[in-house]
Enquirer: 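One structure follows; several queries about it will come next.
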Amino acid sequence: MKITINNASSFVPAGSLSALAAQTSAANGLLESGKGAGNDFLGWVHLPSSISDSFLNEVQETADLLRSTCEAVVIAGIGGSYLGAKAVNEALAHTFDNFMHERKDPYVVYAGNNIGEDYLADLMEFLSDKTFGIVNISKSGTTTETALAFRLLKTMLEEKVGKQEARKRIVAVTDAKKGALRSLADKEGYKTFVIPDNVGGRFSVLTPVGLIAIAVAGHDIRALVRGAQDMEKQTGVGVACEDNPSAQYAAIRNALYQFGKSTEILVNFNPKLHFIAEWWKQLFGESEGKDHKGIFPAAVDFTTDLHSMGQWIQEGQRNIFETVITVKEPQKKVVIPSDEENLDGLNFLAGKRVDEVNKMAELGTRLAHVDGGVPNIIVEIERVDEYNIGALLYFFERACGISGYMLGVNPFNQPGVEAYKKNMFALLNKPGYEAESKAILARIK
Ligand code: PA5
């Protein structure tokens, strides 16, 4: 992985980036020393290097059992208990996986990440003629979206195959001791995995939260972890700032923020990376958006969104910068054919790979946006495979920890996400919310 920042550093006054070097190292040091805010949630920092073979074997065995007994596996979870697995699985899967007739893997479908009645009805209809299993993921064990989906799916599964058989097809990933899901799983005797206390949801993709769902989808979790382990080494405190890609990224985005660039757009030119951006949005949004501070994380898929958001990015308000995830080598090869009649006028591209066209679109876009006043950071990965995605995930996590400390916030809490829950529970008359119910009903009368 390589980071290039020269088309971003040129947008901040000379010396302002180097002035941040000490602050960047100090912030990285806080992740190591555990002396910063939110230090009870630093379990992710050395997570990759602490993953044992026996743990990976256990995850793989559980996944293999579901793979061999189920035509479909539902991954239930939301936020940090969903986006990491979804991001990795979407990046690595065949784009049309769920439409392929010859299947070697079970269908992997998701639930518990919304409260859409039609979504759940469609999902249950899809599952009705299939043998299916459920991986239910919730650290707190009480998240409404996930618990609601699980209640529906568990009931359906038990009615379909009986309680005894259903128990064998349900895996719970939750806290070691606390929460409704822990009590339920213990009572029912489900296979369980523990989410470490000191790893928050958005940093949990390399715990069972992400790994079990990634293994169920048939991807190589060992290579994923290896990529993250190598990136852990490359971003540690002993590495000089200029050689540490996470430190570089954290420093440049904070420098840009200081000079008015308050929105970061994560760009990909490969649709498989769409959900990596969704995961990244949660990682940075939930970590930095507090105390009325923080860069707003947005994302686009190019070239698709050049035909929708391109105008805004080229000529709209100049408070944005872009970070492009560029993929050096596609996994597959498609060559553009020549056409005798050339009615579409595309013979100038004949013989080229599609990726050559994509790369020129990327270069042309980057240059145009820089000309239009949009600073540009490039994060280059070799290819979209388990190893490189594992490295990319850890690169962003480490950068996020450093960047949050540089911004002066606690990057590891998320007090703001409670506000909607409190109102929703009050409006639904949840026991324990009587006073809030009274207050909110008076407010909306
Ligand atoms: O990052 C976070 O903490 C959140 O996105 C949570 O992961 C999300 O709300 C789901 O929580 P839980 O795993 O407790 O169901």
Enquirer: Any donor and acceptor pair, going by atom type alone, linking the side chain of E145 with main-chain N or O of I115 inside 3.5 Å?
Expert: no
Enquirer: Might you point out which heavy atoms bring A72 and L127 nearest each other, and give the distance in Å?
Expert: CB-CD2, 3.8 Å
Enquirer: With a 6.0 Å cut-off on the ring centroids, do W279 and F275 count as close?
Expert: no
Enquirer: Going from CG on D371 to CG on N376, what distance comes out if it is rounded to the nearest 0.5 angstrom?
Expert: 11.0 Å
Enquirer: If you look at every heavy atom in V237 and G29, which pair is closest and at what distance?
Expert: CG1-CA, 3.5 Å
Enquirer: Would you call H369 and Q314 a side-chain contact if the rule is heavy atoms closer than 4.5 Å?
Expert: yes
Enquirer: Between F321 and V374, what is the shortest heavy-atom contact and its length?
Expert: CA-CG1, 3.9 Å
Enquirer: Using the rule given for side chain to side chain contact (heavy atoms under 4.5 Å, CB included), can you reason through V357 versus L349, listing the C-alpha separation, both sets of side-chain angles and the distance that settles it, and then say yes or no?
Expert: CA-CA 8 Å; V357 181; L349 299 176; 4.0 Å; yes
Enquirer: Just wondering, do T192 and V171 contact through their side chains at under 4.5 Å, heavy atoms?
Expert: no
Enquirer: Could you give me the CA-CA distance, side-chain angles and deciding distance for F41 and N413, then say whether side chain to side chain contact (heavy atoms under 4.5 Å, CB included) is met?
Expert: CA-CA 8 Å; F41 284 99; N413 64 3; over 6 Å; no
Enquirer: Are V300 and F302 packed together at the side-chain level, in the sense that at least one heavy-atom pair is separated by less than 4.5 angstrom?
Expert: yes
Enquirer: Do R169 and T69 have side-chain atoms, one donor and one acceptor, less than 3.5 Å apart?
Expert: no
Enquirer: Can you check whether T323 reaches I265 side chain to side chain, under 4.5 Å on heavy atoms?
Expert: no
Enquirer: Could you state the interatomic distance from CD1 (I137) to CZ (F193), rounded to the nearest 0.5 Å?
Expert: 11.0 Å
Enquirer: Check whether any side-chain N or O of R366 sits under 3.5 Å from a backbone N or O of I378 as a donor-acceptor pair, and report yes or no.
Expert: no
Enquirer: Tell me, do P411 and Y405 make a side-chain contact under 4.5 Å, heavy atoms counted?
Expert: yes
Enquirer: For F395, is the NZ or CZ atom of R398 found under 6.0 angstrom from the centre of its six-membered ring and inside 45 degrees of the ring axis?
Expert: no
Enquirer: Using atom types as modelled and distance alone, determine if a side-chain donor or acceptor of R103 lies under 3.5 Å from a backbone N or O of D105.
Expert: yes
Enquirer: What I want to find out is whether E264 reaches R253 closely enough, with some N-O distance under 4.0 Å, to be called a salt bridge.
Expert: yes
Enquirer: Using only atom types and a distance under 3.5 Å, with no angle test, would you say the side chain of K421 pairs donor to acceptor with the backbone of T144?
Expert: no
Enquirer: With D355, which of R353, K352, K359 fulfils salt bridge (charged side-chain N to carboxylate O under 4.0 Å, His left out)?
Expert: K359
Enquirer: Determine whether a donor-acceptor pair (N or O, by modelled atom type, separation under 3.5 Å) exists between the side chain of D291 and the backbone of K293.
Expert: no
Enquirer: Are T146 and T143 close enough, and set up right, to give a side-chain hydrogen bond (donor to acceptor under 3.5 Å, both in side chains), and what steps lead you there?
Expert: CA-CA 6 Å; T146 308; T143 300; 5.2 Å; no
Enquirer: Working to the nearest 0.5 angstrom, can you tell me the gap between L273 CG and I389 CD1?
Expert: 5.5 Å
Enquirer: Within the distance-only criterion (no hydrogens, no angle test), does the side chain of S204 pair as donor or acceptor with the backbone N or O of V199 below 3.5 angstrom?
Expert: no
Enquirer: I'd like to know if the side chain of S25 and the backbone of A21 have a donor-acceptor N/O pair within less than 3.5 Å.
Expert: yes
Enquirer: Run the numbers on N28 and E32 for side-chain hydrogen bond (donor to acceptor under 3.5 Å, both in side chains), then give the verdict.
Expert: CA-CA 7 Å; N28 201 17; E32 203 68 46; over 6 Å; no
Enquirer: Check the pair E397, S246 against side chain to side chain contact (heavy atoms under 4.5 Å, CB included), reporting the backbone distance first and the verdict last.
Expert: CA-CA 8 Å; E397 287 181 0; S246 297; over 6 Å; no
Enquirer: With no hydrogens and no angle check, just 3.5 Å: does a side-chain donor-acceptor pair link S403 and N254?
Expert: yes
Enquirer: Drop me the distance from I313's CD1 to L306's CG, to the nearest 0.5 angstrom.
Expert: 7.0 Å
Enquirer: If I compare all heavy atoms of A111 with all of V74, which pair ends up nearest, and what's the gap?
Expert: CB-CG1, 3.6 Å
Enquirer: Going through the checks in order, is the salt bridge (Lys or Arg N to Asp or Glu O under 4.0 Å) test met by K261 and E322?
Expert: CA-CA 10 Å; K261 304 296 182 190; E322 283 181 326; over 6 Å; no
Enquirer: Flag the pair F284 / I295 as yes when at least one side-chain heavy-atom distance between them is below 4.5 Å, and no otherwise.
Expert: no
Enquirer: I'd like to check L266 versus F396 (side-chain heavy atoms, cut-off strictly below 4.5 Å). Are they in contact?
Expert: yes
Enquirer: In Å and rounded to the nearest 0.5 Å, what is the CG to CG distance from N89 to D97?
Expert: 9.5 Å
Enquirer: Counting only heavy atoms from other residues, nucleotides and ligands, does the tally under 6.0 Å from OH of Y420 exceed 12?
Expert: yes
Enquirer: Restricting to pairs with a member in residues 126-154, which pass ring pair (Phe, Tyr, Trp, His ring centres under 6.0 Å), not counting sequence neighbours?
Expert: Y107-F126
Enquirer: Just wondering, are more than 12 heavy atoms of other shown residues or ligands nearer than 6.0 Å to NZ in K130?
Expert: yes
Enquirer: So, the side chain of N268 versus the backbone of T326: is there a donor-acceptor pair under 3.5 Å, distance only?
Expert: no
Enquirer: Give a yes or no on whether R151 atom CZ has more than 12 heavy-atom contacts from other residues, nucleotides or ligands under 6.0 Å away.
Expert: no
Enquirer: Which pairs pass ring pair (Phe, Tyr, Trp, His ring centres under 6.0 Å) with one or both residues in residues 56-88, sequence neighbours excluded?
Expert: Y82-Y110
Enquirer: Indicate yes or no for a side-chain donor-acceptor contact from N347 to the backbone of N342 under 3.5 Å, with no hydrogens or angles considered.
Expert: no
Enquirer: Say whether, by atom type as modelled, one donor and one acceptor occur between the side chain of D305 and the main chain of D301 under 3.5 angstrom.
Expert: yes
Enquirer: Ignoring hydrogens and geometry beyond distance, is a side-chain donor-acceptor pair present between N113 and K86 at under 3.5 Å?
Expert: no
Enquirer: I'd like to know whether Q311 forms a side-chain hydrogen bond (donor to acceptor under 3.5 Å, both in side chains) with E315, so could you lay out the CA-CA distance, the side-chain angles of the two residues, the decisive distance to 0.1 Å, and finally the verdict.
Expert: CA-CA 6 Å; Q311 171 60 36; E315 295 182 345; 2.8 Å; yes
Enquirer: Restricting to non-hydrogen atoms, name the atom on A298 and the atom on T263 that form the minimum distance, rounded to 0.1 Å.
Expert: CB-CG2, 4.3 Å
Enquirer: Side chain to side chain contact (heavy atoms under 4.5 Å, CB included) between Y394 and T235: does it pass, once the steps are laid out?
Expert: CA-CA 9 Å; Y394 188 85; T235 55; 3.3 Å; yes
Enquirer: Please give me the minimum heavy-atom distance between A255 and L17, naming the atom from each residue.
Expert: CB-CD1, 4.0 Å
Enquirer: Hey, are E286 and R202 close enough for a salt bridge, meaning a charged N less than 4.0 Å from a carboxylate O?
Expert: yes
Enquirer: What distance do T4 atom OG1 and I252 atom CD1 have between them, rounded to the nearest 0.5 Å?
Expert: 12.0 Å
Enquirer: Got a list of side-chain donor-acceptor pairs under 3.5 Å for residues 213-233, not counting sequence neighbours?
Expert:
residue: D220; atom: OD1; partner: R222; partner atom: N; Å: 3.0
residue: D220; atom: OD1; partner: A223; partner atom: N; Å: 3.1
residue: R222; atom: NH2; partner: N57; partner atom: OD1; Å: 2.3
residue: Q229; atom: NE2; partner: P48; partner atom: O; Å: 3.0
residue: D230; atom: OD2; partner: Y387; partner atom: OH; Å: 2.4
residue: E232; atom: OE1; partner: S49; partner atom: N; Å: 2.9
residue: E232; atom: OE1; partner: S49; partner atom: OG; Å: 3.1
residue: E232; atom: OE2; partner: H46; partner atom: ND1; Å: 2.9
residue: E232; atom: OE2; partner: S49; partner atom: OG; Å: 2.6

